[in-house]
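Just below is one structure, and these are the notes that go with it.
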Amino acid sequence: MVDLHTHSTVSDGSDPPARIPELAASAGCTAVALTDHDRLDGLAEAAARAEELGVDLVPGCEVSCEWAPGTLHVLVYFVEPGEGPLQDELSRLQADRVERNRQMVDRLAAAGLPVTLEELAAEAGGEGAGRPHMASILVRKGVVGSVQEAFDIYLGRGRPGYVSKARLSPRTVAELARGSGGVAVLAHPLSLQLGHIELASAVAELAGAGLSGLEALYGRYSPEERAVLADVAHRHDLVVTGGSDHHGTYKPDLTVGTGRGDLSVPDTTVAALAERRP
Ligand code: AMP
Ligand code: FE
Ligand code: FE
Ligand code: ZN
């Protein structure tokens with residue numbers, strides 16, 4: 001079993017990077033990818049712990065993309081921290097996120113909700129703060145009853161606290177990933193909220209734009225949804241990938257390796273993806 005989608009404190013997960021391979025080993029995974037939003041900073045720490053445990057650490061990250069009329073997420077694998085086209089673009093996205101957090105804090109203040117940048121940094125444990133951390137602070141202050149309510153009322157698209165962030169096209173991410181020696185995969189495809197026919201044409205377009213895989217085996221999908229998506233992937237010559245999208249306490253229903261208990265992504269997935277490297 002492997003898990004190719006996890007988050008740590010480097011973005012919006014609650015577990016430190018070194019904890020991810022520990023959870024993977026306990027779950028019986030032979031490999032685990034750390035895929036923090038826009039950041040590769042946790043990979044060295046995770047890789048060191050993974051090596052001690054005999055787990056294969058697949059370097060990765062998750063990038064938000066523009067996909068009119070909405071957005072989608074692309075997972076990138078096999079890109080290490082350092083110099084390179086994707087790495088350089090990630091630095092720009094990180095700088096944009098810092099500015100966006102400032103603007104969102106201002107908007108929340110204007111809506112009568114005092115959340116400071118200091119509180120945000122403390123909640124995130126340093127850099128990489130985003131909306132889930134703001135939601136958590138609002139819950140703790142008793143402003144809302146849940147993280148979901150925070151998104152629904154204040155933080156979601158079009159709500160008073162929302163500010164959009166810089167986004168690339170999936171084609172650009174795929175090109176940058178290849179330029180950095182990696183591969184790109186469409187994350188949680190049902191987030192596109194498309195029917196069967198529209199989804200198939202979107203996947204065809206994304207395959208044409210250079211994506212190599214489709215995350216059919218996603219933690220929150222039913223066995224039926226996973227089977228349908230795996231079929232879509234096969235028909236477009238995409239690798240069927242999968243992962244839990246573990247975020248620790250920020251998504252408490254999802255566990256490394258097993259997702260909600262029924263996930264099992266085959267070991268062969270990592271080699272199948274590696275074959276698509278440039
Ligand atoms: P950010 O990158 O700061 O815009 O935050 C994006 C993260 O917020 C996603 O990875 C999700 O974990 C979470 N998120 C986005 N939209 C919602 C929503 N409507 N309800 C709950 N969580 C959400
Ligand atoms: Fe997230
Ligand atoms: Fe995502
Ligand atoms: Zn994710």
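Both counts, for ligands and for their atoms, begin at 1 and track the order of listing. Sequence positions, counted from 1, serve as the residue numbers for this chain.
Note on His5: counted as a metal contact of the Zn ion (ligand 4), an N/O/S atom lying under 2.8 Å. Taking 2.8 Å as the threshold, Glu62 does not count as a candidate ligand of the Fe ion (ligand 2), since none of its N, O or S atoms lies below it. Look at His73 and the Fe ion (ligand 3): an N/O/S atom of the residue is under 2.8 Å from the metal. For residue Asp245, no N/O/S atom approaches the Fe ion (ligand 3) to within less than 2.8 Å.
Side-chain atoms of Asp15 do not come within 3.5 Å of backbone N or O of Ser8 as any donor-acceptor pair.
Centred on the Zn ion (ligand 4), the angle running from Asp245 (OD1) to Glu62 (OE1) is recorded as 170°, rounding to 10°. Angle NE2 (His37) to the Fe ion (ligand 2) to NE2 (His247): 120°, rounded to 10°.
Within the 4.5 Å cutoff, the side chain of Leu217 has heavy atoms near those of the Leu263 side chain.
The N, O or S atom of His7 with the smallest distance to the Zn ion (ligand 4) is NE2. Residue Asp12 approaches the Fe ion (ligand 2) most closely through its N/O/S atom OD2.
Within a 6.0 Å radius of CD in Glu198, more than 12 heavy atoms belonging to other residues, nucleotides or ligands are found.
Comment: Arg220 engages Asp253 in a salt bridge, judged by a side-chain N to carboxylate O separation of less than 4.0 angstrom. A salt bridge is absent between Arg92 and Asp96: the closest approach of a Lys/Arg side-chain nitrogen to an acidic carboxylate oxygen does not fall below 4.0 angstrom.
The shortest heavy-atom contact between Val139 and Gly145 is CG1-O, 4.3 Å.
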